[in-house]
Number of protein chains: 2
Amino acid sequence: MQDQQQTSQLTDGENQKFLTDDQLRKGIEAMFFAYRGFTADPDKILENYAYGRAHHRAIHFIGRSPGTTVNNLLDILAVTKQSLNRVLRTLVDDGLVESRIGRQDKRERNLYLTEKGRALEQDLSEAQRKRMRAAYSAAGLEAVTGFRRVLEEIMDPQMRNLLQAMTDGG
Amino acid sequence: MQDQQQTSQLTDGENQKFLTDDQLRKGIEAMFFAYRGFTADPDKILENYAYGRAHHRAIHFIGRSPGTTVNNLLDILAVTKQSLNRVLRTLVDDGLVESRIGRQDKRERNLYLTEKGRALEQDLSEAQRKRMRAAYSAAGLEAVTGFRRVLEEIMDPQMRNLLQAMTDGG
DNA sequence: CTTGGAATGTCAACAAGACTGACATAAACT
DNA sequence: AGTTTATGTCAGTCTTGTTGACATTCCAAG
């Protein structure tokens with residue numbers, strides 16, 4: 001089994017010490033604390049409105065893919081239509097989101113941010129980006145590549161595909 | 001400024017293309033989808049019990065730092081004592097957690113998992129570790145290092161310190 | 001042209017899990 | 001002795017999720 005090609009000076013055992021339960025636990029806890037930071041800044045902005053994280057998510061994905069349908073959004077957000085509808089209704093009522101009847105398929109509703117909606121979206125996004133920008137900058141390109149790589153492995157395959165499709169098309 | 005040591009062939013501009021708003025957005029969305037996957041497996045187990053994610057968090061950190069106090073847990077979980085107390089009460093009532101009066105300071109309660117509690121903790125942890133193990137394994141050591149690095153930069157400094165203290169002491 | 005299914009909206013009831021505010025008790029500190 | 005700390009508890013509220021039921025509109029297939 002010892003051929004002349006040594007790709008690493010580490011044995012398999014040493015090479016995979018990052019797979020110990022203790023290393024995994026640290027990753028799990030880091031994920032928990034980081035996610036809290038990740039949502040903290042938008043949450044603080046939303047306190048000024050009568051909105052919560054659910055509204056942020058809807059606003060984000062509508063702003064990101066203008067004209068998306070309710071069903072699309074349901075796939076992305078993985079909540080019930082009743083739950084999403086309550087959020088969408090308040091956003092439409094408050095004039096942040098416009099819901100247009102589909103041109104080809106008139107059953108569908110195409111969702112768009114209004115100017116007011118886009119303003120809030122920018123506010124929330126910039127707050128969240130600011131933290132991410134600082135983190136990326138401090139960690140460096142190589143770390144960011146690894147970060148993205150691991151996140152993609154953690155998510156469900158369907159979500160990975162969905163994210164991929166969004167990134168290509170939208 | 002140009003010494004003989006070239007650390008990179010990239011200009012500053014090229015070197016920081018990962019800081020564009022579009023790159024940041026991709027990271028933000030990856031974080032969102034990954035966190036959902038991250039919590040999915042324990043959540044599925046908890047459906048069989050009358051417990052939720054809040055119980056999982058309490059069980060995790062008690063199992064990780066046996067003898068921890070309520071106040072400690074409040075700092076870690078960042079919820080109100082009323083919220084935590086409701087969770088702890090059910091766990092104590094159901095015989096998963098033991099609450100002992102502190103030896104030095106009798107105002108404090110030291111929290112421990114019972115055997116039953118440890119069994120559930122193992123079940124939940126192993127489900128979550130399984131996904132992380134697969135992700136780490138697929139992504140490789142270098143990516144995992146970057147992953148951890150970025151997560152630490154994203155979280156609030158107090159949480160980073162707290163996590164550090166836990167990792168050292170506990 | 002009718003019928004079945006899909007996309008959407010809405011109503012009602014409910015649950016988990018967060019919150020605030022108020023109050024109580026015991027123990028420790030000053 | 002008086003104050004602060006650690007914890008527990010009651011009551012009420014909010015957000016966001018759930019299920020179940022039902023209506024409308026419209027596309028598409030028979």
Side-chain angles (χ1 to χ4, degrees), chain A residues 32 35-36 39-40 42-62 67-94 97-112, chain B residues 32 35-36 39-40 42-62 67-94 97-112:
Chain A
F32 171 66
Y35 195 77
R36 195 152 70 203
T39 57
D43 281 358
K44 188 156 276 178
I45 292 174
L46 289 162
E47 280 175 17
N48 305 326
Y49 303 77
Y51 301 140
R53 221 174 271 182
H55 301 82
H56 180 197
R57 292 197 278 260
I59 287 173
H60 174 93
F61 285 105
I62 294 170
T68 190
T69 63
V70 173
N71 246 8
N72 255 326
L73 223 44
L74 286 175
D75 285 342
I76 291 169
L77 300 177
V79 296
T80 57
K81 63 173 180 170
Q82 293 90 330
S83 207
L84 175 57
N85 196 256
R86 182 174 30 196
V87 168
L88 284 180
R89 205 187 317 159
T90 66
L91 291 175
V92 169
D93 288 353
D94 294 355
V97 167
E98 195 189 346
S99 169
R100 296 185 209 152
I101 292 177
R103 286 201 305 170
Q104 283 107 0
D105 189 334
K106 291 176 186 168
R107 289 170 305 180
E108 294 181 345
R109 301 301 139 94
N110 296 115
L111 304 169
Y112 302 87
Chain B
F32 171 65
Y35 195 77
R36 195 152 72 205
T39 56
D43 281 357
K44 188 156 276 178
I45 292 174
L46 290 162
E47 280 176 16
N48 306 325
Y49 303 76
Y51 302 141
R53 221 174 272 180
H55 301 82
H56 179 197
R57 292 197 278 259
I59 287 173
H60 173 94
F61 285 105
I62 294 170
T68 189
T69 63
V70 173
N71 251 6
N72 255 326
L73 223 44
L74 285 176
D75 286 342
I76 291 170
L77 300 177
V79 294
T80 57
K81 63 171 181 172
Q82 293 92 329
S83 209
L84 176 58
N85 195 256
R86 178 179 32 190
V87 167
L88 283 180
R89 206 188 315 161
T90 68
L91 291 175
V92 169
D93 287 353
D94 294 355
V97 167
E98 196 190 345
S99 170
R100 295 185 211 151
I101 291 176
R103 286 202 305 173
Q104 283 108 0
D105 189 333
K106 291 177 188 169
R107 291 170 303 178
E108 294 182 346
R109 301 302 137 94
N110 296 116
L111 303 169
Y112 302 88

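Worth saying up front: this structure is predicted, and the values here are computed from it rather than measured. Proteins get letters first, then strands, A, B, ... in listed order; numbering begins at 1 in each.
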Requested in this report: For the residue pair A/Arg53 and A/Arg57, establish whether any side-chain heavy-atom pair is separated by less than 4.5 Å.
Outcome: yes
**Report entry** Nucleic acid contacts - residues 84-92 of chain A versus DNA chain C, non-hydrogen atoms under 4.0 Å
**Finding:** A/Asn85, A/Arg89
Query raised in the report: Do B/Arg109 and B/Ile101 have side chains that get closer than 4.5 Å, going by heavy atoms?
Result: yes
Query raised in the report: Are any non-hydrogen side-chain atoms of B/Leu73 and B/Val70 less than 4.5 angstrom apart?
Result: no
Query raised in the report: Quick one: which of D/dT7, C/dA18, C/dT8 gets closest to the side chain of B/Val70?
Result: D/dT7
Query raised in the report: So, is A/Ser83 close to the D/dT16 phosphate, meaning a side-chain N or O under 4.0 Å from OP1 or OP2?
Result: no
Query raised in the report: How about B/Phe32 and A/His60: do any of their side-chain heavy atoms sit closer than 4.5 Å?
Result: no
Query raised in the report: For B/Asp94 and B/Tyr51, does a side-chain donor sit closer than 3.5 Å to a side-chain acceptor?
Result: yes
Query raised in the report: Going through the checks in order, is the side chain to side chain contact (heavy atoms under 4.5 Å, CB included) test met by B/Asp93 and B/Thr90?
Result: CA-CA 5 Å; B/Asp93 287 353; B/Thr90 68; 5.5 Å; no
Each nucleotide N or O in nucleotides 27-29 of chain D that has a protein N or O under 3.5 Å away: list the pair and distance.
| from | atom 1 | to | atom 2 | distance (Å) |
| --- | --- | --- | --- | --- |
| D/dC27 | OP1 | A/Gln104 | O | 3.2 |

Requested in this report: Return the value, rounded to whole Å, for the distance between atom CD1 of B/Ile101 and atom C1' of D/dT7.
Outcome: 11 Å
Report task. State, to 0.1 Å, how close A/Arg36 and A/Thr39 come at their nearest heavy-atom pair, and which atoms those are. Result -> O-OG1, 3.2 Å
**Report entry** Side chain proximity check, B/Leu88 to B/Ile62, heavy atoms < 4.5 angstrom
**Finding:** yes
Requested in this report: Name the orientation class of the two ring planes belonging to B/Tyr35 and A/Tyr35 (parallel below 30°, tilted from 30 to 60°, perpendicular beyond 60°).
Outcome: parallel
Query raised in the report: Is the shortest heavy-atom distance from the side chain of B/Leu91 to the side chain of B/His55 under 4.5 Å?
Result: yes
Query raised in the report: A/Glu108 has an atom CD; how far is it from atom C1' of C/dA6, in whole Å?
Result: 10 Å
Query - Protein-nucleotide distance (A/Asp75, atom CG; C/dA6, atom P), rounded to Å - result: 14 Å
Report task. Name the residue closer to the 5' end of DNA chain C, choosing between B/Lys81 and A/Leu74 according to the nucleotide with the nearest heavy atom. Result -> A/Leu74
Query raised in the report: A/Asn71 CG to C/dA6 C1': how many Å, rounded?
Result: 8 Å
Requested in this report: Could you check how far CG of B/Asp43 sits from P of C/dA16, rounded to whole Å?
Outcome: 14 Å
Query raised in the report: In residues 47-60 of chain B, which ones come under 4.0 Å of DNA chain C, going by heavy atoms?
Result: B/Gly52, B/Arg53, B/Ala54, B/His55, B/Arg57
Report task. Walk me through it: do B/Asn110 and B/Thr68 pass the test side chain to side chain contact (heavy atoms under 4.5 Å, CB included)? Result -> CA-CA 5 Å; B/Asn110 296 116; B/Thr68 189; over 6 Å; no
Report task. Answer yes or no: side-chain N or O of A/Gln82 and base N or O of D/dG20 forming a donor-acceptor pair under 3.5 Å. Result -> yes
Report task. Round to the nearest Å and state the distance from A/Leu46 atom CG to C/dC19 atom P. Result -> 16 Å
